[in-house]
Amino acid sequence: MLISYTFLSYETERTEIDSAGRCGHVVLMGSLASAADITGTITLKGTPPPEKEIVEFKSDVNCGPLRTEVPKTRFYVAGSKGELADVFVSIKGLSGKSTGGQAPPAVIDQTGCEYLPYVLAIQTNQKLLVKNSDPVLHNVHATPTVAGNKEDNKAMLPKGPDLTFAFPKPENFLRFKCDVHPWMFSYVCVVDHPYFSVSARTAPTRSPCAARQIPIEAIHRKAGA
């Protein structure tokens, strides 16, 4: 994977990560005269492993009729030029800068018996709303691994009221799952500052930053850092 960012003035150290998951640590340094956004692209080098059809979906009497196509795994979501989605990008080394208590809520929706988005990022103590747009019963099971972030498991009625979550500790790729439909997953990166983004496959990654010398870290759930 090639990491490329554009700064007002910059030095970059580029690390290649191939589709087999062999990777190294990614550190990018930039110096900005004033607060600004960091913009760049994240590209997967090589051909990713093929995604697999979720065979259980076809036979599910409630979910199967909701979609004409069978959903696939979303391990390596890439664009036509290798633009890699679902990479968590953040400024490294910051702590205790969260504005999550004042930030607007982030949202995960359950639609077509999938969690959307697959990967997102929030700040510590920021509200996370989980919706159910499906005419299907789901349960929302948050399974953190960091001490201080509470595991929670709540049933959610078809098109029922939103559920609210918040997490006080930073954690990468905190897993949400549906125990009723075992292929449903979403991953939430929790960070204690507002300088982060999650890459998309169709647009440059943009992350806010403060005026300072800045190390940037990029982490993909399967490829690593």
Side-chain angles (χ1 to χ4, degrees), residues 1 3 26 37-42 44 51 71-79 83-92 94 97-134 138-146 149-154 156 162-178 181 183-209 216-225:
M1 189 168 63
I3 308 296
V26 178
D37 286 345
I38 301 170
T39 304
T41 57
I42 300 174
L44 181 69
E51 304 291 348
K72 295 182 177 182
T73 56
R74 294 176 282 176
F75 297 147
Y76 291 91
V77 178
E83 305 94 333
L84 186 61
D86 299 329
V87 179
F88 173 54
V89 181
S90 67
I91 293 180
K92 186 179 179 183
L94 288 182
K97 305 292 185 182
S98 177
T99 59
Q102 296 77 47
V107 176
I108 296 175
D109 197 3
Q110 296 165 104
T111 179
C113 288
E114 277 191 318
Y115 281 120
L116 296 175
Y118 183 58
V119 175
L120 76 158
I122 61 173
Q123 296 185 66
T124 51
N125 297 313
Q126 182 177 357
K127 287 184 179 179
L128 173 61
L129 302 182
V130 180
K131 299 178 176 291
N132 184 7
S133 295
D134 284 336
H138 293 298
N139 83 298
V140 181
H141 189 178
T143 61
T145 60
V146 169
N149 288 338
K150 181 183 176 182
E151 181 176 2
D152 208 348
N153 192 357
K154 299 177 180 179
M156 197 164 192
D162 297 348
L163 299 178
T164 301
F165 297 82
F167 301 97
K169 301 295 183 180
E171 181 169 345
N172 287 337
F173 301 108
L174 189 160
R175 185 181 66 174
F176 279 72
K177 65 175 183 172
C178 175
H181 308 106
W183 62 85
M184 290 180 60
F185 296 98
S186 185
Y187 297 88
V188 179
C189 294
V190 185
V191 63
D192 58 354
H193 60 76
Y195 308 116
F196 62 85
S197 186
V198 176
S199 67
R201 65 178 179 180
T202 57
T205 300
R206 184 180 298 273
S207 179
C209 65
I216 305 298
E217 186 171 44
I219 308 171
H220 186 267
R221 193 179 73 85
K222 300 295 284 186

Closest heavy-atom pair and its distance - V140, M156: CG2-SD, 4.0 Å
Nearest-0.5 Å distance that lies between atom NZ in K169 and atom CG in L174: 14.0 Å
Checking T73 against E51: is there a side-chain donor and acceptor pair closer than 3.5 Å? yes
Would you say NZ of K150 has more than 12 non-hydrogen atoms from neighbouring residues, nucleotides or ligands within 6.0 angstrom? no
On a heavy-atom basis, which atom in A103 and which in Q123 lie closest, and how many Å separate them? CB-NE2, 4.1 Å
Pairing residues for E171 by the side chain to side chain donor-acceptor pair (under 3.5 Å) criterion, not counting sequence neighbours: T145, N149
Mind checking side chain to side chain donor-acceptor pair (under 3.5 Å) for K131 and listing every partner two or more places apart, or none if nothing turns up? D162
What are the two closest heavy atoms between T111 and S133, and how far apart are they? CB-CB, 4.4 Å
As an exercise, state the distance from CG of L128 to CG of L120, rounded to the nearest 0.5 Å. 6.0 Å
Give, for atom NZ of K177 and atom OH of Y187, the distance between the pair rounded to the nearest 0.5 Å. 9.5 Å
Rounded to the nearest 0.5 angstrom, the CD1-CG distance for I219 and D86 is 13.5 Å
If I take atom CZ from residue F176 and atom CG from residue N153, how far apart are they, to the nearest 0.5 angstrom? 11.0 Å
Which residues pass the salt bridge (charged side-chain N to carboxylate O under 4.0 Å, His left out) test with R221, sequence neighbours left out? none
Evaluate the ring planes of H181 and W183, with Trp represented by its six-membered ring, and classify them as parallel (under 30°), tilted (30 to 60°) or perpendicular (over 60°). tilted
By side chain to side chain donor-acceptor pair (under 3.5 Å) - contacts of S186 (at least two apart): none
State, yes or no, whether a side-chain contact exists between N125 and P168 at a heavy-atom distance under 4.5 Å. yes
Closest heavy-atom contact between T164 and K154? O-NZ, 3.7 Å
Non-neighbouring partners of V191 that pass side-chain contact (heavy atoms from CB on, under 4.5 Å), sequence neighbours left out: F88, H193, F196
First locate atom CE of M184, then atom NE2 of H138, and finally report the distance between them rounded to the nearest 0.5 Å. 4.0 Å
Who passes salt bridge (charged side-chain N to carboxylate O under 4.0 Å, His left out) against K127, sequence neighbours left out? none
Start with the C-alpha gap between V190 and V146, add the side-chain angles, then the distance that decides, and say whether side chain to side chain contact (heavy atoms under 4.5 Å, CB included) holds. CA-CA 11 Å; V190 185; V146 169; over 6 Å; no
Kindly say whether P170 contributes a backbone atom to a donor-acceptor pair with the side chain of D192 at under 3.5 angstrom? no
